[in-house]
Amino acid sequence: MIQEIISGLAMGCVYALVSFGFVLTYNAVRAVNFAHGELVLFGGYFGLIASSWLGLSLWIALLFSLAAMAGLGLVYNQVAYYPIRQRTSTTIIIASIGMSILLRNSALAIFGPDPLRLESFMGDGIIHIGTAVIPRHHLLILAVTLTLFAGQSFFFNRTAIGRKLEATAQDQEMARLMGINVNRMITLTFVLSALLASVAGFLLGPIWFLDPDVGMVIILKAFIVVVLGGFGSIPGILAAGLFLGVVEVLVASHLTSEYRDVISFLIFIAVLTILPRGFFGEKIAQNG
Amino acid sequence: MVQGIAKHAVLLALAWVLGFAAPSFGDIRVGVIGSMTTGLAQLGQRQINSAVLAAEEWNVRGGIKGERIGLEVEDSGDSTTMAMTALDRVLSKKVCALLGPIYSFQLFALFPEVQKEKIALMSTSGTRELTQKNNPCYFRLYPHDGFIKEVCATFAVETLKSKRPALMCVTTEYGKSGHEILVNTLKKLGVTPIAETWHNKDDKDMTGQLMAVKRANPDLILSQAHPPDTAILLKQQRELGIRVPHVASSAASMPTVHDLVGPAMEGVYVEAAVEPNYDTEPRMQAWTKKYVERFNTRPDSFAVPFYDAANFLFEAIRAVGPDRAKIPDWLRGNSYRGLAGKYAFDQEQNGAFFAIMLRYHVKEGRAIPAVVKRYDFSAK
């Protein structure tokens, strides 16, 4: 059982990390960014360019990926959000779907259809805990995700820039009246979201592999996690991510592998029936 | 002028984004439908390359009776809708025959239109049911699962002495077809699978399935899966410390899978029709070299039969002309010696009855296969 739980927690951490970037953007612009999965994919691909194509070390590759993704976040904001920021949420969502298609096909044109593997900082190593065999990479996923989630609390609550971001996410008009440059904060949010996508790409690349369609699988999981956690809630996505990851593994292992996704979705519906706002959600009406 | 440039740039970008195929015009038109985009393109694109290579070779030699072969290539993506749209497109270009996608779910969707149009469709899919649908237009140029899964199960029981195998299959038609044949063959051999698990083709984590297998304590794993999920299965099996032999389906013979799996390919058994990258036959070596030089990628075990299928089809067109009605009749009555082996159709229009069982050894980071057994029932 410990084996399944640790593997499930590792998967759940990845879901939570992807959802984190997704929620940051949602909170800032009140629109779902369907291209976030592709941003995660490109985070991994940039790492691959640096490590496999340029032969750089993984640490340098991570820095390269972070820098490139910060640039991509800026470009994304300038191309797919800023020009249409006054339009409805629907327009912004459709623009994100367009960006998703553009990024996916760009990945296909540049990297080809074959799945590619990004090396892990932990190599292929495994460790034994009792009867369980745990890949070291899973422990890295757990450590990085928990550190980032702990860090975000400090960042958003204790730093000036974090508070400005939080204020912008809560009420753009009020933030503007308080002298906060809202457009700059939203740009920064896109950059932060892209940086998180870079980290998620580095953690996913060694286990899920990178192919142009991975983004779609990622975004589906992230969407479930975000809804389950309570739309917009950061502690909620961590709880929901871990919950989904563990449930998926336990269902496949102990109940049925054939209908794993069906059972997982039934559990998802059952949770939402009991907790309509998700684990930590606010009333939808309050978001309007 | 600026507006004109902008318009062209937008159109070019659209073509790129939507992944349009570039048609190749010639006097004799043959349709090629395969996945050029999406995750399925790793198989599809290599097959399309094979058809292109075959057509180029014929055209260099003067085409078919002086007429150039033009391939009308369309992308079937990863859906039945895209496959059917691709079929409509190639049919609108008046093709005389079709080389189809490898994925059975797409082939099944194409069957009604193909039968209505009475046009020959050749492909290299292994799914057993494809040739049990009484479609007189469909011709299979790959050993089907009824044959090759029997080979796998028999190899597992008789050669590897397995008494407690576990089955791990994908939930597509391919997986279900293979699963049924594996179970039936094992039953005939007096063996019952100790565990059976399923996964979706897009699943990225098989921990649950592998843990269920581990608890059952099997002495061998038999799997039937597509390339990406095969890679995850093999890699996670090693990570979870399940040290039993694995007899995998042909997806595991693909070079791209080896790159993903790394050291976990050690000791893996794989069924395949042919293995072009390590074949010692000079003709195959020359072909593989040519393929790599032309497309800058290594061929896989599916690319060779597709190349043979294209050549077999071009021979048919040479014999009877680009006549949709006559091509199927000629194919039924003739055999063809290709790169991979001899092809001749049985009553169900299955054309390939040869296979090899490979065992991989990882040396200096490369997965190198050795043929441990050859099967050839072409005469049957």
Side-chain angles (χ1 to χ4, degrees), chain A residues 1 3-4 6-8 10-11 14 98 101-106 108-109 112-117 119 123-126 128 131-138 204 206-214 216-218 220-221 245-261, chain B residues 13 15-19 35-46 77-78 168-169 171 175-176 195-200 202-215 227-229 231-232 235-236 238-242 254-257 259-264 296-298:
Chain A
M1 184 70 90
Q3 179 95 64
E4 283 112 319
I6 292 179
S7 294
M11 276 298 125
V14 174
I101 296 170
L102 178 69
L103 289 171
R104 192 160 62 245
N105 282 279
S106 301
L108 185 70
D114 294 342
L116 301 170
R117 185 183 173 193
E119 291 303 315
D124 287 324
I126 48 177
H128 295 263
T131 55
V133 187
I134 312 294
R136 285 174 188 267
H137 186 75
H138 283 188
L204 266 179
I207 52 172
W208 279 29
F209 310 134
L210 303 168
D211 72 64
D213 287 342
V214 159
M216 288 198 292
V217 182
I218 297 169
L220 179 67
K221 300 283 184 188
V246 173
V247 163
E248 280 187 344
V249 174
L250 290 179
V251 166
S253 180
H254 294 279
L255 287 177
T256 164
S257 53
E258 190 171 8
Y259 300 108
R260 181 187 73 169
D261 288 349
Chain B
W16 182 42
V17 165
L18 297 174
S35 297
M36 300 162 74
T37 58
T38 77
L40 306 192
Q42 57 180 310
L43 279 175
Q45 188 58 56
R46 284 180 173 82
D78 63 355
M168 303 190 78
C169 301
T171 52
K176 288 184 173 167
E196 295 177 37
T197 69
W198 296 92
H199 62 267
N200 296 319
D202 294 326
D203 280 356
K204 302 294 181 191
D205 178 42
M206 311 286 181
T207 308
Q209 288 89 335
L210 283 162
M211 287 310 295
V213 165
K214 191 176 184 179
R215 274 198 310 279
D229 39 321
I232 292 171
K235 184 170 172 288
Q236 289 198 321
R238 181 177 183 271
E239 286 173 352
L240 294 170
I242 305 171
M254 293 181 65
T256 50
V257 170
D259 293 342
L260 299 173
V261 171
N296 195 30
T297 187
R298 285 181 287 167

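Reminder, nothing fancy here: chain letters follow the sequence lines and each chain counts from 1. These numbers were taken from a predicted model, which means no experiment stands behind them. Side chains included, hydrogens not; waters and symmetry mates left out as well; all remaining heavy atoms used.
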Undergrad: A:L116 versus chain B, heavy atoms under 4.5 Å apart: side chain, backbone, both or neither?
TA: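 Contact with chain B involves the backbone of A:L116 alone.
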Undergrad: Can you measure from CG (B:L210) to CD (A:E4) and round to the nearest 0.5 angstrom?
TA: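 Here the rounded value is 10.5 Å.
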Undergrad: Measuring heavy-atom distances to chain A, does B:A231 have an atom under 4.5 Å in its side chain, in its backbone, in both, or in neither?
TA: both
Undergrad: Would you give the length of the straight line joining atom CH2 of A:W208 to atom CG of B:D202, rounded to the nearest 0.5 angstrom?
TA: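 Atom-to-atom, A:W208:CH2 and B:D202:CG are 10.0 Å apart.
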Undergrad: When rounded to the nearest 0.5 angstrom, what is the spacing between CD in B:Q42 and CG in A:D211?
TA: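 Separation between the atoms: 7.5 Å.
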Undergrad: Can any side-chain N or O of B:K235 pair as donor or acceptor with the backbone N or O of A:P206 at less than 3.5 Å?
TA: yes
Undergrad: Counting heavy-atom pairs closer than 4.5 Å to chain A, which one of B:P228, B:P227, B:A212, B:P263 comes out on top?
TA: B:A212
Undergrad: When A:P115 is tested against each of B:L260, B:I232, B:V257 for side chain to side chain contact (heavy atoms under 4.5 Å, CB included), which residue passes?
TA: B:L260
Undergrad: So which of B:A41, B:S35, B:C169 has the largest heavy-atom pair count under 4.5 angstrom toward chain A?
TA: B:A41
Undergrad: For side chain to side chain contact (heavy atoms under 4.5 Å, CB included), just list the numbers for B:K214 and A:V133, CA-CA rounded to whole Å, side-chain angles, deciding distance to a tenth of an Å, and then say yes or no.
TA: CA-CA 12 Å; B:K214 191 176 184 179; A:V133 187; 4.0 Å; yes
Undergrad: Examine whether an atom of A:H128 lies under 4.5 Å from a heavy atom of chain B, and if so say whether it belongs to the side chain, the backbone or both; otherwise answer neither.
TA: neither
Undergrad: Under 3.5 Å, is there a donor-acceptor pair between the A:S253 and B:R215 side chains?
TA: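 Present: a donor and an acceptor within the cut-off.
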Undergrad: Among B:L240, B:T171, B:D259, which residue forms the greatest number of heavy-atom pairs with chain A at distances under 4.5 Å?
TA: B:L240
Undergrad: Distance check, rounded to the nearest 0.5 Å: B:R238 atom CZ versus A:I126 atom CD1?
TA: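 So the gap between those two atoms works out to 6.5 Å.
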Undergrad: A:P212 versus chain B, heavy atoms under 4.5 Å apart: side chain, backbone, both or neither?
TA: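 Neither part; nothing is under 4.5 Å.
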Undergrad: Counting heavy-atom pairs under 4.5 Å to chain A, which of B:T197, B:D205, B:L40 comes out on top?
TA: B:D205
Undergrad: I need the A:Q3 CD to B:T207 OG1 distance, nearest 0.5 Å.
TA: 7.5 Å
Undergrad: Could you walk me through whether B:K204 and A:I218 satisfy the side chain to side chain contact (heavy atoms under 4.5 Å, CB included) test, starting with their C-alpha distance in whole Å, then the side-chain angles of each, then the deciding distance to 0.1 Å, before giving a yes or no?
TA: CA-CA 10 Å; B:K204 302 294 181 191; A:I218 297 169; over 6 Å; no
Undergrad: Please walk me through it: do B:E239 and A:H137 pass side chain to side chain contact (heavy atoms under 4.5 Å, CB included)?
TA: CA-CA 10 Å; B:E239 286 173 352; A:H137 186 75; over 6 Å; no
Undergrad: Pair A:D114, B:R298 - check salt bridge (charged side-chain N to carboxylate O under 4.0 Å, His left out), show working.
TA: CA-CA 12 Å; A:D114 294 342; B:R298 285 181 287 167; over 6 Å; no
